[in-house]
Number of protein chains: 2
Amino acid sequence: MNDKAMETLWVDRFPGLSRLEPRTKQLLVQRSSIITMPTASVIFGPGKSPENMLFLLEGTVRVQQVSETGHEIVLYRINAGESCVLTTACLLAYDDYSAEGVAESEVQAAAVPRIVFDDLVAQSPSFRNFVFAAFSKRITDLFLVIDEVAFQRMDVRLAHKLIELSGSDDTIATTHQKLSVELGTAREVISRQLQEFQRRGWIEQSRGAVRIVERSKLENLADRD
Amino acid sequence: MNDKAMETLWVDRFPGLSRLEPRTKQLLVQRSSIITMPTASVIFGPGKSPENMLFLLEGTVRVQQVSETGHEIVLYRINAGESCVLTTACLLAYDDYSAEGVAESEVQAAAVPRIVFDDLVAQSPSFRNFVFAAFSKRITDLFLVIDEVAFQRMDVRLAHKLIELSGSDDTIATTHQKLSVELGTAREVISRQLQEFQRRGWIEQSRGAVRIVERSKLENLADRD
DNA sequence: GTCCATTGTGTGACTTTGTCACTGTGTGCC
DNA sequence: GGCACACAGTGACAAAGTCACACAATGGAC
């Protein structure tokens with residue numbers, strides 16, 4: 001079957017899953033379903049637990065925290081080839097937490113029911129490895145976020161974020177507001193910092209966009225401890 | 001045997017483990033060893049991965065992050081009756097992270113080798129439950145820390161911490177320096193905030209100690225979002 | 001006891017960051 | 001054109017972090 005062949009492929013797109021036992025792969029593929037979600041849809045959030053564990057095939061999911069004070073901050077992203085173990089596990093026990101996952105683009109994912117997930121953890125040593133490695137990655141990321149929020153200067157953090165968001169391109173399509181959520185700060189702070197960067201000739205600004213002019217200068221600032 | 005009886009007991013001290021299958025309990029008890037560590041000993045840290053997974057029987061472990069900038073912040077505590085799954089899992093994959101665990105008192109713990117841990121996860125559904133619940137708790141705690149560091153005012157956070165550290169007693173044996181590490185801020189900031197609390201008659205200060213005079217006022221401030 | 005190092009705390013000047021209350025200014029829609 | 005609406009700029013001020021100190025309490029060493 002063609003469908004079958006297509007489905008088998010998704011497991012191999014995951015670096016951590018490609019080395020699973022054939023039997024485990026088969027189980028994953030057979031008992032999962034491919035789903036698609038439009039841009040900006042809320043994958044999970046307060047009062048909206050995901051029934052399944054997701055393996056992202058295409059697109060990215062932004063996980064952010066909405067504080068009681070009304071402030072927001074981006075915690076991490078789930079990219080294609082990654083899974084949302086952390087979120088799943090969290091929701092198993094505590095659903096009163098305030099993080100939410102939003103699709104940043106159209107998202108394609110393999111949905112694995114909890115029971116299957118549990119089965120896999122029990123059966124497959126390499127799946128256990130995958131799960132715990134994914135946990136580790138997320139948690140060390142969270143440690144990093146705490147460190148940055150608590151101790152890093154805004155200019156350093158903003159430079160870092162601009163580099164991160166730019167990728168290979170030099171123009172970033174974003175607003176000051178969105179950048180402020182990325183860093184958990186106020187819009188005005190971003191506006192001022194970007195102005196300073198612009199004054200130094202490192203960037204150029206236009207409505208809804210930032211263009212990096214002197215990438216090396218930004219990288220230099222971002223690399224400061 | 002008396003030893004046997006003693007050992008069997010420790011599993012039942014864990015709310016999450018007491019409902020394990022008898023067979024699983026037995027495995028846990030048989031394949032673990034009770035260890036003791038003195039106050040202020042570093043249980044794990046950069047370049048010092050724990051070989052075993054620990055179940056705390058007595059005492060508390062403080063997990064804190066040491067930033068490249070030299071700053072420190074307390075991330076969470078592991079109390080008697082809790083395990084350090086998170087830390088263990090982290091260290092499985094990434095050992096270049098900067099968190100460390102320090103015994104805050106003499107610590108007694110049951111050490112479970114990794115292989116046994118893996119076995120248990122495979123064999124026992126209720127042990128899996130326990131592990132993922134422990135993960136959830138830690139991670140939601142970390143989300144809370146991020147929220148506080150990013151968005152809460154210092155006075156609110158300090159009031160909260162004073163209440164937390166005081167327990168049932170009214171006198172807290174700590175220094176401004178230690179409090180600043182708790183909240184990931186500077187010693188001077190703590191000194192000034194405590195002075196303000198003292199000026200309002202909410203606390204009294206002496207060298208190495210803070211005495212709560214008007215607990216309700218502190219609680220009131222701490223409960224503010 | 002005195003001397004002395006260590007640790008804990010107080011303080012002022014200054015910078016950075018966050019908050020508040022605004023004013024403009026593009027953009028698309030009716 | 002008029003009108004929302006999202007986006008960006010600004011000044012005044014408050015809160016928090018940084019730096020460079022001074023000074024006090026404590027606990028040995030002698």
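So that the names make sense, note that chain A is the first sequence line, chain B the second, and so on, each numbered from 1.
Counting to the nearest Å, the P atom of dA24(D) and the CD atom of Q177(B) are 21 Å from each other. Look at CG on L179(A): it is 17 Å from C1' on dT17(C), rounded to the nearest Å. In this entry the distance linking NZ of K178(B) with P of dT9(C) reads 10 Å, nearest Å. For the pair L194(A) CG and dT17(C) P, the interatomic distance rounds to 13 Å; values are reported in whole Å. When rounded to the nearest whole Å, the span between CD of E196(B) and C1' of dG10(C) equals 15 Å.
Atom CZ of R31(A) has 12 or fewer neighbouring heavy atoms from other residues, nucleotides or ligands inside a 6.0 Å radius.
A donor-acceptor pair under 3.5 Å links the side-chain atoms of T39(A) to the main chain of E106(A), judged by distance alone. The backbone N or O of Q64(A) lies less than 3.5 Å from no partner atom in the side chain of E72(A), so there is not a single donor-acceptor pair. Without hydrogens or angle criteria, E100(B) side chain to V42(B) main chain gives no donor-acceptor distance under 3.5 Å. Of the possible polar contacts, one joining the R128(B) side chain to the V121(B) backbone as a donor-acceptor pair under 3.5 Å is found.
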Could you go through L179(A) and L165(A), starting from their C-alpha distance and side-chain angles, then the distance that decides it, and tell me whether this counts as side chain to side chain contact (heavy atoms under 4.5 Å, CB included)?
CA-CA 10 Å; L179(A) 285 170; L165(A) 291 177; 3.8 Å; yes
W202(A)/L221(A) under side chain to side chain contact (heavy atoms under 4.5 Å, CB included): CA gap, chis, key distance, verdict:
CA-CA 11 Å; W202(A) 297 359; L221(A) 178 59; 3.9 Å; yes
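Comparing the axis of the opening five pairs of the helix from dG1(C)-dC30(D) to dC30(C)-dG1(D) with that of the closing five pairs yields an angle of 20°, rounded to 10°.
Close to dT9(C), at under 4.0 Å from its OP1 or OP2, lies no side-chain N or O of Q195(B). Proximity of H176(A) to the phosphate of dG9(D): a side-chain N or O atom is located under 4.0 Å from OP1 or OP2.
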Distances under 3.5 Å between protein N/O atoms and the N/O atoms of nucleotides 22-28 of chain C, please, pair by pair.
unit_1  : atom_1 : unit_2  : atom_2 : d
dG26(C) : N2     : R207(A) : NH2    : 3.4

Anything under 3.5 Å between a protein N or O and an N or O of nucleotides 15-18 of chain D, put it in a table, one pair a line.
unit_1  : atom_1 : unit_2  : atom_2 : d
dA16(D) : OP1    : M154(B) : N      : 2.6
dA16(D) : OP2    : Q193(B) : NE2    : 3.2
dG17(D) : OP2    : T185(B) : OG1    : 2.4
dT18(D) : O4     : R192(B) : NH2    : 2.8

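Between the side chains of T185(A) and R157(A), not a single donor N or O lies within less than 3.5 Å of an accepting N or O.
A salt bridge links E82(B) with R138(B): at least one charged nitrogen is closer than 4.0 Å to a carboxylate oxygen. Salt-bridge annotation for E188(B) and R192(B): absent, with no side-chain N of the basic residue lying under 4.0 Å from a carboxylate O of the acidic one. Between R13(A) and E58(A), at least one side-chain N (NZ, or NE/NH1/NH2) sits under 4.0 Å from a carboxylate O, which counts as a salt bridge.
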